[in-house]
Amino acid sequence: TPTRPKQVATAESLDAQGLAIYGTLLLVADGENGLRIVDIDSPTKPELISTRKTSDARRISVWSPDEDTVVTFIADGEFGVKLIDITNPFEPTRRATVDTVEAFETAVYGSGATATLFLADGTGGLKIFDARTTGISLIDTIDLPDVRTVTMSDDLLIVGDDSTGVILFDVIDPRQPRELSRIAIQ
């Protein structure tokens, strides 16, 4: 029960920094070990099924634009954002890399053939990308001093900045986020 969680198994990771779930796949951003894909169909017997090397995998987002395609966006620190196709989870394939200042975390908004990728890029600010299964292209940058985290809740983008605090954006038009409010965190 949720009030009394019980460990049923462990999956080996050397530096798990970010997690995402897609169906019965656990996707692990595992630091310098890169992407690890673990089959958790049987939660008591997780099985590592593949890996894909990156340099500093910190956080991971997953996006499935249609029933035949699944890709991940990995925030890879000073080594940028990696777009990795995991449609065949046994053979993850890098599709693109975008240079960044210091990619901390990604969040994906949208469905269908295109989506918008938001990136917490440290002193590089909040980056907004057009995301496709074959590549990522920069749309805009919102100047913020030190963006470390991003997350989505419906049409709300929540941004954590080390200097400013928490900033809430309306992303009904994801190409032009509208700032709603700021929360100073002391």
Side-chain angles (χ1 to χ4, degrees), residues 2-3 5 15-23 25-31 35 54 56-66 69-84 86 95-133 135-186:
T3 57
D15 189 18
Q17 296 187 31
L19 305 170
I21 296 282
Y22 184 78
L25 298 177
L26 171 62
L27 310 170
V28 182
D30 201 29
L35 169 65
T54 70
D56 187 19
R58 295 178 178 186
R59 299 288 188 271
I60 186 167
S61 297
V62 62
W63 173 52
S64 182
D66 58 54
T69 310
V70 184
V71 297
T72 64
F73 300 99
I74 297 177
D76 204 29
E78 66 186 63
F79 303 97
V81 174
K82 307 293 192 276
L83 167 59
I84 299 177
I86 62 165
R95 296 283 181 222
T97 298
V98 175
D99 290 334
T100 63
V101 174
E102 188 168 8
F104 279 98
E105 187 167 30
T106 60
V108 182
Y109 177 81
S111 59
T114 63
T116 302
L117 177 70
F118 297 99
L119 170 67
D121 196 24
T123 57
L126 173 65
K127 298 272 196 298
I128 305 165
F129 295 95
D130 178 48
R132 300 179 186 271
T133 58
I136 310 166
S137 57
L138 183 66
I139 296 170
D140 200 3
T141 299
I142 296 177
D143 235 1
L144 293 168
D146 198 4
V147 181
R148 298 297 178 107
T149 188
V150 292
T151 192
M152 297 291 312
S153 178
D154 298 321
D155 295 327
L156 185 66
L157 174 67
I158 304 158
V159 176
D161 183 274
D162 263 10
S163 300
T164 309
V166 176
I167 307 155
L168 306 178
F169 291 92
D170 177 323
V171 292
I172 288 176
D173 179 356
R175 292 173 166 269
Q176 297 181 339
R178 185 173 57 89
E179 186 174 321
L180 299 172
S181 62
R182 291 183 181 219
I183 305 163
I185 306 295
Q186 301 296 332

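Remember, predicted model here, so these are calculated numbers, not experimental data.
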*Asks:* Nearest 0.5 Å please: distance from the CZ atom of Arg148 over to the CZ atom of Phe104.
*Replies:*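 Atom-to-atom, Arg148:CZ and Phe104:CZ are 3.5 Å apart.
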
*Asks:* Taking all atoms of both residues into account, what is the closest heavy-atom pair of Leu180 and Phe169, and its distance?
*Replies:*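 So the two residues come closest at CD1-C, 4.1 Å.
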
*Asks:* Could you check Asp30, Leu35, Leu19 and say which one makes a side-chain contact (heavy atoms from CB on, under 4.5 Å) with Ile60?
*Replies:*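 Answer to the side-chain contact (heavy atoms from CB on, under 4.5 Å) test with Ile60 among Asp30, Leu35, Leu19: Leu35.
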
*Asks:* Donor-acceptor pair, Ser64 side chain versus Thr69 backbone, under 3.5 Å?
*Replies:*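 Indeed, once roles are kept as given, a pair shorter than 3.5 Å links the two residues.
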
*Asks:* Of all the heavy-atom pairs spanning Ala103 and Asp121, show the shortest one and how long it is.
*Replies:*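 Looking at all heavy atoms of both residues, the shortest contact is N-OD1, 3.4 Å.
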
*Asks:* Could you grab the distance from atom CD1 of Ile142 to atom CD of Gln176, nearest 0.5 Å is fine?
*Replies:*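 Answer rounded to 0.5 Å: 10.0 Å.
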
*Asks:* Walk me through whether Ile136 and Phe73 qualify under side-chain contact (heavy atoms from CB on, under 4.5 Å).
*Replies:* CA-CA 10 Å; Ile136 310 166; Phe73 300 99; 4.0 Å; yes

*Asks:* Are Thr116 and Val171 side-chain neighbours, meaning at least one heavy-atom pair lies under 4.5 Å?
*Replies:*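 A side-chain contact under 4.5 Å is absent here.
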
*Asks:* Do the charged groups of Glu102 and Arg58 touch, with an N to O distance under 4.0 Å?
*Replies:*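 Yes, charged N to carboxylate O under 4.0 Å.
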
*Asks:* Do Pro177 and Ile128 make a side-chain contact, defined as non-hydrogen atoms from C-beta onward lying under 4.5 Å apart?
*Replies:*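 Yes. Closest side-chain heavy atoms under 4.5 Å.
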
*Asks:* Taking all atoms of both residues into account, what is the closest heavy-atom pair of Ile21 and Leu26, and its distance?
*Replies:*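 Heavy-atom minimum between the residues: CD1-CD1, 3.8 Å.
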
*Asks:* Quick one, Val108 with Phe118, criterion side-chain contact (heavy atoms from CB on, under 4.5 Å). Give me CA distance, side-chain angles, the key distance, then yes/no.
*Replies:* CA-CA 6 Å; Val108 182; Phe118 297 99; over 6 Å; no

*Asks:* For a quick test of reading the model, state the closest non-hydrogen atom pair linking Gln17 to Gly31 and the distance between them.
*Replies:*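 Looking at all heavy atoms of both residues, the closest pair is NE2-CA, 3.6 Å.
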
*Asks:* Does the Thr141 side chain pair with the main chain of Asp143, one donor and one acceptor, at a distance under 3.5 Å?
*Replies:*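 No; zero donor-acceptor contacts below 3.5 Å.
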
*Asks:* State whether the side chain of Thr72 and the backbone N or O of Ile84 hold a donor-acceptor pair below 3.5 Å, judged by distance alone.
*Replies:*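 Checking the backbone N and O of Ile84 against the side chain of Thr72, a donor-acceptor pair under 3.5 Å is found.
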
*Asks:* Hey, is the main chain of Leu156 close enough, under 3.5 Å, to the side chain of Asp154 for a donor-acceptor pair?
*Replies:*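 No, Asp154 side chain to Leu156 backbone: no donor-acceptor pair under 3.5 Å.
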
*Asks:* May I ask you to test the Asp162-Pro145 pair for a side-chain heavy-atom distance under 4.5 Å?
*Replies:*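 When only atoms from C-beta onward are counted, Pro145 and Asp162 do not touch, as no gap falls below 4.5 Å.
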
*Asks:* Minimum heavy-atom separation for Leu168 and Ile183, please, with both atom names.
*Replies:*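 Here Leu168 and Ile183 meet closest at CD1-CD1, 4.4 Å.
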
*Asks:* Would you find more than 12 non-hydrogen atoms of other residues, nucleotides or ligands less than 6.0 Å from Asp173 atom CG?
*Replies:*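 Counting neighbours around CG of Asp173, more than 12 heavy atoms of other residues, nucleotides or ligands fall under 6.0 Å, so yes.
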
*Asks:* Looking only at heavy atoms, what is the nearest atom pair of Gly80 and Thr100, with distance?
*Replies:*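 It is CA-OG1, 3.2 Å.
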
*Asks:* Measure the spacing between CG of Asp161 and CG of Asp146 and express it to the nearest 0.5 Å.
*Replies:*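 Between atom CG of Asp161 and atom CG of Asp146 there are 6.0 Å.
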
*Asks:* Testing Thr106, Val98, Asp140 one by one against Phe129 for a side-chain contact (heavy atoms from CB on, under 4.5 Å), which residue passes?
*Replies:*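 Of all the options given, the one that passes is Val98.
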
*Asks:* Given side chains that start at C-beta, do those of Thr97 and Leu83 come closer than 4.5 Å, heavy atoms only?
*Replies:*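 SC-SC contact between Thr97 and Leu83 ruled out.
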
*Asks:* Is it the case that Asp76 and Thr54 place a side-chain donor and acceptor less than 3.5 Å from each other?
*Replies:*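 A pair is found: one side chain offers a donor N or O, the other an acceptor, under 3.5 Å apart.
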
*Asks:* Given side-chain contact (heavy atoms from CB on, under 4.5 Å), test Val159 with Val166 step by step and report yes or no.
*Replies:* CA-CA 6 Å; Val159 176; Val166 176; over 6 Å; no

*Asks:* Can you check whether Val150 reaches Leu126 side chain to side chain, under 4.5 Å on heavy atoms?
*Replies:*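 The answer is yes, as the side chains (C-beta and beyond) meet within the 4.5 Å cut-off.
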
*Asks:* Should the pair Arg175-Asp130 be classified as a salt bridge under the 4.0 Å nitrogen-to-oxygen rule?
*Replies:*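 Judged by the 4.0 Å cut-off on N to carboxylate O distance, Arg175 and Asp130 do form a salt bridge.
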
*Asks:* State whether the number of non-hydrogen atoms from other residues, nucleotides or ligands found under 6.0 Å of Glu179 atom CD is greater than 12.
*Replies:*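 Yes, the 6.0 Å shell around CD holds more than 12 heavy atoms from other groups.
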
*Asks:* Nearest 0.5 Å, please: how far is CG in Leu138 from NZ in Lys127?
*Replies:*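 If I round to the nearest 0.5 Å, the distance is 6.5 Å.
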
*Asks:* Which is it for Trp63 and Thr133 under the side-chain contact (heavy atoms from CB on, under 4.5 Å) test, yes or no, and what are the steps along the way?
*Replies:* CA-CA 9 Å; Trp63 173 52; Thr133 58; 4.1 Å; yes

*Asks:* Roughly how far, to the nearest 0.5 Å, is CD of Glu78 from CG of Asp99?
*Replies:*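 The CD atom of Glu78 is 11.0 Å from CG of Asp99, to the nearest 0.5 Å.
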
